[in-house]
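Here the structure comes first, spelled out in structure tokens, and everything after it is commentary.
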There are 2 protein chains.
Amino acid sequence: MISVKAVASDRDTSRPMPMRPADLERVKALPLFSGASERLFRDVLAGCFLQRFPAGTTLLMEGDPVDFLYVLMDGSVELGASWNDKDTTLAILRPVSTFILAAVILDAESLMSARTIDRSDILMVSGEAMRRAAGEDAAFGFAVAQEMAGCYRGLVRAIKNQKLRGGLERLANYLITQRLRQGGGATFTLPHEKRMLASLLGMTPENFSRSLATLADYGVEIHGAEVTINRPATLERLAKPDPLIDNHQPVTDTVTGKAQRERWPLPNRDFRAA
Amino acid sequence: MISVKAVASDRDTSRPMPMRPADLERVKALPLFSGASERLFRDVLAGCFLQRFPAGTTLLMEGDPVDFLYVLMDGSVELGASWNDKDTTLAILRPVSTFILAAVILDAESLMSARTIDRSDILMVSGEAMRRAAGEDAAFGFAVAQEMAGCYRGLVRAIKNQKLRGGLERLANYLITQRLRQGGGATFTLPHEKRMLASLLGMTPENFSRSLATLADYGVEIHGAEVTINRPATLERLAKPDPLIDNHQPVTDTVTGKAQRERWPLPNRDFRAA
DNA sequence: TGAAGCGATTGACCCAAATCAAGGCGTAAC
DNA sequence: GTTACGCCTTGATTTGGGTCAATCGCTTCA
């Protein structure tokens, strides 16, 4: 549970934002929309709105009906779940990402909660418009199917990671993945609070801390959020990264969708529908 | 690892089967295909073939390229994964189910292995035909998206089950779910070997056995594969079933797709694209 | 400049689950 | 029948991870 300071300040209230042309371009660049015709794109985004939320805002609770597809334009969002007074982090999103697409497609209640981590700008797109467009436009329907397939495969990886590996191994692989995603240098920065990473990796903050300390034996130096991997080969011998669990694709400007991440590093057979 | 006795018998070799009209009807009844036109259905299934496999046949290994959508018509199939000499069961399928749809849609390698548990009849549909049809026919593309969304939500439930609950709780909820799926009577039958259920629930066979014994205190009687729940309320107090984790939908003849299961028990807002 | 609050760390302890080992039971092969 | 093998169960032990508690350090705010 992260509490949010209740400050009576304008900064901390959510509010509508003007939608700039640059924002539109970034949305259009998403694989989900990049194949759409100008007309379909306008139809789907008609009535959408961009909104700024303060850090710690609950966008959606588990079980809530889902009326919008959310697109994170700026900031970061945590997807989580809870049961019986326990809770866990299922994913941490960075721009530009869509979320709760599955619930939108099925017009179902959300199985996850969504909360802003930092102040975030979020585009909200009519779920009804999404469903209508996906059912009427073959190319768009296929793009939705591909995006869903990518999300599905991300979860398969997550379950394998969770069921087959121990905490230390999950952490080691997380660090290797982060290193690659941040350019591959020896030093990089943990992108979020350690407590949240612990929850994402399915461990307590205490064990996360202890596991980080253990990794010193494998050449991992920690100073605050700064991580230095001095002996990558040693760490990999422990982590045993596997392309069928870990998605080591570096983050680029041109590749942002879950489906795209899943297709890498395969050669691009005809990707979009002919 | 389940070893298969190598018996030099005709029964134990896979072989093509004639596709009966009744089989076609059962495939057509799947939500994935039920909205398709006769023409699209014929196009997609052109070149498909039905094949009978003996028990224990590996249909697909992790990392294999996926050329076909598989449809389990009869028998049962285990989807699994392994890493570092450990392995785990991700799902156990019963007819009529499709599998590895996500890999087909993205033309990607499989993240899971697939193995027959019993002798099984499996329909193999060209992945290329699936992708082409999904990209050309809006209704079919949307049906694929819905099916993927249903599969996705099934995995979200699985991760929540795994990360938020302990072994005993997972078992208790599994029993409650099985009871409902088998008609809701006090007594029902475990549908698979205990060792496989243990793997599905993320525990060792030893702990599975011990956990079953523990549940005697909660009114659960075990005789072989026969389970009797004498005090459902007591068991539920332990299990704390949650509609956002457990899918308690009873199995019916008319509802078979992953997407359909996810929509229940919501009222049917216009399901198929208008 | 404190004081409060929160995240991170560390240590002591406990519990759940994995491992190792042995034995029972049912089924299939000979 | 009898043997062999696989599955299941049960017990003893170990281990990974969770819980509880105390402390440190940083940031925020009065």
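Lettering follows sequence order; numbering is per chain, from 1.
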query: To the nearest angstrom, how far is B/His223 atom NE2 from C/dG26 atom C1'?
result: 17 Å

message: Is the distance between the ring centroids of A/Phe68 and A/Phe49 under 6.0 Å?
response: yes

task: Ignoring backbone atoms, test whether A/Lys194 places a side-chain nitrogen or oxygen under 4.0 Å from the OP1 or OP2 oxygen of C/dT9.
output: yes

query: CZ of B/Arg165 versus P of D/dG17: gap in Å, rounded?
result: 22 Å

- request: Respond yes when some side-chain nitrogen or oxygen of B/Thr204 is under 4.0 Å from OP1 or OP2 of C/dA18, and no when none is.
  value: yes

- request: Let me know the distance between NE2 of B/His192 and P of D/dC7, rounded to the nearest Å.
  value: 15 Å

message: Given the structure, check if the side chain of B/Glu206 and the base of D/dC8 hold any donor-acceptor pair shorter than 3.5 Å.
response: no

task: Round to the nearest Å and state the distance from B/Lys86 atom NZ to C/dA18 atom C1'.
output: 10 Å

- line: Between CG of B/Leu164 and P of D/dG18 the distance, given in whole Å, is 12 Å

message: So, does A/Ser209 get its side chain near the phosphate of C/dA8, meaning an N or O under 4.0 Å from OP1 or OP2?
response: no

message: Considering every strand and a 4.0 Å limit on heavy-atom distances, what is the contact class for A/Gly202: base, sugar-phosphate, or nothing?
response: sugar-phosphate

query: Atom CD1 in A/Ile176, atom CZ in A/Arg181: separation rounded to 0.5 Å?
result: 13.0 Å

query: Over how many whole Å does the gap from A/Phe208 atom CZ to D/dT19 atom C1' extend?
result: 19 Å

message: I'd like to know if A/Arg210 reaches the base of D/dT19 with its side chain such that a donor and an acceptor end up less than 3.5 angstrom apart.
response: yes

query: Can we say A/Arg195 and A/Glu206 salt-bridge, meaning some charged N sits less than 4.0 Å from an Asp/Glu carboxylate O?
result: no

field: Length of the line joining B/Glu169:CD and D/dG18:P, which is rounded to integer Å
entry: 14 Å

message: For A/Arg165, is there an ion pair with A/Asp246 - N to carboxylate O distance below 4.0 angstrom?
response: yes

query: Is A/Arg231 salt-bridged to A/Glu236, cutoff N-O under 4.0 Å?
result: no

field: Phosphate-side-chain proximity, A/Asn207 and D/dG18, N/O vs OP1/OP2 below 4.0 Å
entry: yes

- request: Whole angstrom is fine here: how far is it from CG in B/Leu197 over to P in D/dT9?
  value: 11 Å

